[in-house]
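Read through the structure below, which is laid out as structure tokens, and then see the notes.
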Amino acid sequence: MNADNLAGDINASLNPEQRTAAECIEGPVMLVAGAGTGKTKTLIHRCATMIKSGISPINILMVTFTNKAATEMRERLREMVGDSASHITAGTFHSVVYREMLSRYPDSSYLAEQGIDMANVGIMSDADSRKLLKESFEELGLPAKAYCDEHSIGLSDLDSQMGWARSRGYSLAEYRYQRVSGNEEVNPDFALVVEELWELYSQKCRAAGGIDFDDVLVVCAHMLEREPTIADSLGQRFRYLMLDEYQDTNPVQMRIMDAIARQHRNLFVVGDEKQSIYAFRGSDIQVIIGFLGRYQDAQIINMIRNYRSAPPVIECANAIAAAMNQRVPNSDGQLLAEAKIEPTPVSYYEFGNDLREASFIAGGIAKRLKAGVTGKNIAVLYRSRPIKQELERQLIAQGIPYLLEGDTAFFQRAEVRDTVALLRFVFQPWDNMAALRVLGSVSLGVSVNKVNAGLGQDSTVYEFLQAESDKRLKTTKAGIAPRTAAAKKVRAFLDVVDRTRECYEHFDDAEVLVKFVAEIWRIFFLPRVESAAKRATASQAQESVDLRKQNVGFVLEQFQEALGRGLTAEQAIEDLVLMAQASPDMDEEQDGKVRLMTMHASKGLEYDYLYVMGADSESLSAKEAEHFNDIEENRRLFYVAVTRAKRELCVTWSCQRLQHGQTLSTEQSPFVAEVLQHTGAGVVRG
DNA sequence: AGGATAGGATTTTTT
DNA sequence: ATCCTATCCT
Ligand SMILES: Nc1ncnc2c1ncn2[C@@H]1O[C@H](COP(=O)(O)OP(=O)(O)OP(=O)(O)O)[C@@H](O)[C@H]1O
Ligand SMILES: [Mg+2]
């Protein structure tokens, strides 16, 4: 079949390299190119080309870095090919692996061996796993504790080691093996403590009926490698694999994709090694750098034409790229400016303190808005969230509407987590984590400590509560004694929980179901919220109760909406846990709001007017110079940040700023210095 | 059950 | 400096 005839018109807006990539659909292909060269655009066109040429969308798997990116892909694809776009599988590694891989092969012998029964296991939220990890840490044996004290090792050190090992695909057994077999990379005493923690933690996860985010991927990788028939069956379903942001893939994710592509080898990856910025979370730049080694017949397509940014921005980006040391071979990493945008020089501003810096930026934004620029076309990027504090104050003071992109505060709120826990408890009574959280937030006369003390192995909190609800008063009279007060309360609670679940099992009415859950919350959770609010001042109190009610209502609305889309209750809960759901301010009018986000969160996005703030030597450099990669990664982060700009770019920093209540003296970031030297640009002192 | 208080953390993420 | 949490106390 000739792709040109069928797809020629849809790819008319592509340049020759992009077209080659979009129309080369068999075999391994890597599209590796700098920022703004149209990688993501090409990916979407390639998908559209395949569908137009007769490939069934159900055979296409597209993996993106965030849920939001997946939604946007599907949306843009729909514009090109219509409703068949909704039949492709698009999502993050975690959601795709959990839903389409682990859940689809519950009879896998590997899963059975690992004691994972997909019918009674749920994906655990980050907060849940952190809680279990902390408990495990406290239960470490005395020698381990002594070792930690002596070497001032904290939970975070052990956690990041565990995270690193699992991002590399190690199971506990394999991690232990590499210590026993004398791998020198990790201190064996340290590794021993990690193993002990890991063991305790896995037991707790199993007892809680939870599988954590890391394990979703590790377990899947092992399952596919141990049972190639499963990998091949997935390969038959997903005949075409596509991955965006390949530079931030970790080795387990790589193994999963390689396993599925084993037979057909139709693997299309897209990325830019100069934008690899998630190593702290296990991503490995070597995955993209080593692609050609793993697929020696792969077609490699490079692109250097940037269609996003004005020439001065490109000059700045090129200067940063020129200083990089970890590069894909056969390219100098330099971009050519193709966008027809009137050039405005990049400006670099140094301020005496963070206050002046913030008010300069707020003032600049106000000017642009006045000139008619829409808020959503302006963004401010920073390395870490505290950097933006002063700016937020200024924006509020000046009445400039803004939006924190990538903010998850909503899902961290107590009442939101309570509501999710309640949903989990209602529809997955075996979920002990959820049950315990519910128990801690309602007043049933049964404390969490009591349950923990009385809970036997292999029994659920639900069963424990059932037993509690049948406790009788001691009585000398014959006949059945009445229930204790606590037992009555527990009984009442379980009754309504059971009735709700039965309603779900027997009727298909999401609205009634959600009304039931809302009612449970009102009866059992609200009183505690109200009494807590009483202690605050009267006006604040009512506001906070109302806000909480609203938030609970919002979560339930999302849940109902997910059920309405045909998802099961379990899947709708997964959506909430994976935070694939919207947060409440998403249905407000957003276009007028200026965007504030971390540099990490800005990956893949673009804005007409861009401020990169806090570009100082403390935030944006390598503090621990012994880690060569940290320098490289921070430089890449700066590269990602500046390459978001379309028209104008302004880089700012201040010589003094407040950190943890103390004044911190800083100077310009070394990466800024590199750019200034390379481009000959000057600094304005504001 | 709920309040007070001491102690700890305080990049980057949302999967 | 400030916020959060765990723990102890009432
Ligand atoms: N051939 C082209 N002609 C005109 N505009 C293009 C072309 N290719 C891409 N663009 C535009 O350039 C911009 C950047 O494209 P895209 O986001 O796909 O780049 P990218 O390589 O994925 O960038 P990043 O590395 O930042 O993710 C978009 O606005 C896109 O519409
Ligand atoms: Mg992109």
Side-chain angles (χ1 to χ4, degrees), chain A residues 63-70 91-99 123-131 134-135 137-138 154-156 160 163 166-167 211-218 220 245 248-250 252-253 276-283 381-389 404-412 414 416-417 439-450 486 527-528 531-532 534-535 574-583 597-603 614 618-624 630 633-634 636-638 640-641 658-664:
Chain A
V63 179
T64 57
F65 198 69
T66 61
N67 283 306
K68 205 174 153 201
T92 61
F93 267 108
H94 288 88
S95 71
V96 167
V97 164
Y98 191 78
R99 291 238 170 106
I123 193 159
M124 239 187 334
S125 77
D126 194 38
D128 286 346
S129 32
R130 247 182 298 126
K131 197 169 160 226
K134 196 158 184 200
E135 283 173 28
F137 182 58
E138 273 145 22
L155 176 54
S156 61
S160 61
R166 297 201 293 169
S167 74
I211 178 164
D212 73 10
F213 286 129
D214 285 344
D215 255 4
V216 167
L217 302 181
V218 174
C220 179
E245 307 286 8
D248 282 315
T249 298
N250 74 32
V252 208
Q253 296 168 334
S276 173
I277 55 175
Y278 279 88
F280 71 91
R281 210 174 78 168
S283 311
L381 309 185
Y382 35 82
R383 174 63 220 265
S384 61
R385 297 189 139 87
I387 304 263
K388 76 179 191 314
Q389 263 185 0
L404 300 176
E405 203 84 61
D407 190 53
T408 57
F410 177 76
F411 291 95
Q412 317 289 342
V416 172
R417 289 173 52 189
L439 217 51
S441 303
V442 298
S443 306
L444 296 179
V446 181
S447 74
V448 172
N449 286 338
K450 185 176 176 185
R528 286 269 288 268
S531 75
K534 279 212 185 80
R535 288 182 296 275
E574 275 157 33
D575 259 16
L576 289 169
V577 174
L578 291 166
M579 285 187 263
Q581 287 290 347
S583 33
M597 73 199 88
T598 64
M599 296 178 179
H600 282 91
S602 75
K603 186 162 82 154
E618 284 296 310
S619 300
L620 215 55
S621 74
K623 264 175 264 171
E624 286 132 61
D630 283 357
E633 178 138 327
N634 275 303
R636 292 195 289 263
L637 191 53
F638 189 48
V640 170
L658 236 48
Q659 190 183 42
H660 315 323
Q662 265 145 358
T663 307
L664 186 75

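Lettering follows sequence order; numbering is per chain, from 1.
- Rounded to a whole Å, the CG atom of A/Leu155 is 13 Å from the C1' atom of B/dG8.
- The distance from atom CD of A/Gln659 to atom P of B/dA9 is 16 Å, rounded to the nearest whole Å.
- B/dT13 and C/dT2: their C1' atoms are spaced 23 Å apart (whole Å).
- Taking atom CZ of residue A/Arg636 and atom P of nucleotide B/dT12, one finds them 19 Å apart after rounding to whole Å.
- Of the candidates A/Asp215, A/Val216, A/Ile211, A/Asp212, A/Met124 forms a side-chain contact (heavy atoms from CB on, under 4.5 Å) with just one, namely A/Asp212.
- First and last contacting nucleotides of DNA chain C toward chain A (any atom under 4.0 angstrom from a heavy atom, 5' to 3' order): C/dA1 to C/dA6.
- Considering only side-chain N and O atoms, A/Asn67 lies under 4.0 angstrom from the phosphate OP1 or OP2 of B/dT15.
- With centroids closer than 5.5 Å and planes inclined by less than 30 degrees as the test, A/Phe93 and the base of B/dT15 fail to qualify as a stacked pair.
- Remark: side-chain polar atoms of A/His600 are paired, donor with acceptor, to backbone N or O of A/Ile277 under 3.5 angstrom.
- Put simply, CG on A/Leu381 and NZ on A/Lys388 are 13.0 Å apart, with the number rounded to the nearest 0.5 Å.
- A/Lys131 comes within 4.0 angstrom of no nucleic acid atom, judged by non-hydrogen atoms across all strands.
- At a threshold of 4.0 angstrom between heavy atoms, the contacts of A/Ser156 with the nucleic acid are absent.
- Between the P atom of B/dG8 and the NZ atom of A/Lys134 lies a distance of 11 Å, rounded to the nearest Å.
- In this structure, the side chain of A/Asn250 does not engage the main chain of A/Gly282 through any donor-acceptor pair within 3.5 Å.
- When the ring-ring contact (aromatic ring centres under 6.0 Å, His included) test is applied to A/Tyr382, no partner is found at least two apart in sequence or on another chain.
- For B/dT14, one of the phosphate oxygens OP1 or OP2 lies less than 4.0 angstrom from a side-chain nitrogen or oxygen of A/Tyr278.
- One can place CG of A/Asp248 at 11 Å from P of B/dT14, the figure rounded to the nearest angstrom.
- For the pair A/Arg417 CZ and B/dT14 P, the interatomic distance rounds to 18 Å; values are reported in whole Å.
- The nearest whole Å value for the distance from the CZ atom in A/Arg385 to the C1' atom in B/dA9 is 17 Å.
- Residues A/Thr92 and A/Phe280 both approach DNA chain B. Their nearest nucleotides, taken by heavy-atom distance, put A/Phe280 toward the 5′ side.
- Using a 4.5 Å heavy-atom threshold, the side chains of A/Thr92 and A/Val63 count as separate.
- Not one N or O on the side chain of A/Asn634 forms a donor-acceptor pair closer than 3.5 Å with the backbone of A/Leu620.
- Set against B/dT15, B/dT13, B/dT11, the side chain of A/Asp126 has B/dT15 as its closest nucleotide.
- Between A/Leu578 atom CG and B/dT14 atom P there is a gap of 13 Å when expressed in whole angstrom units.
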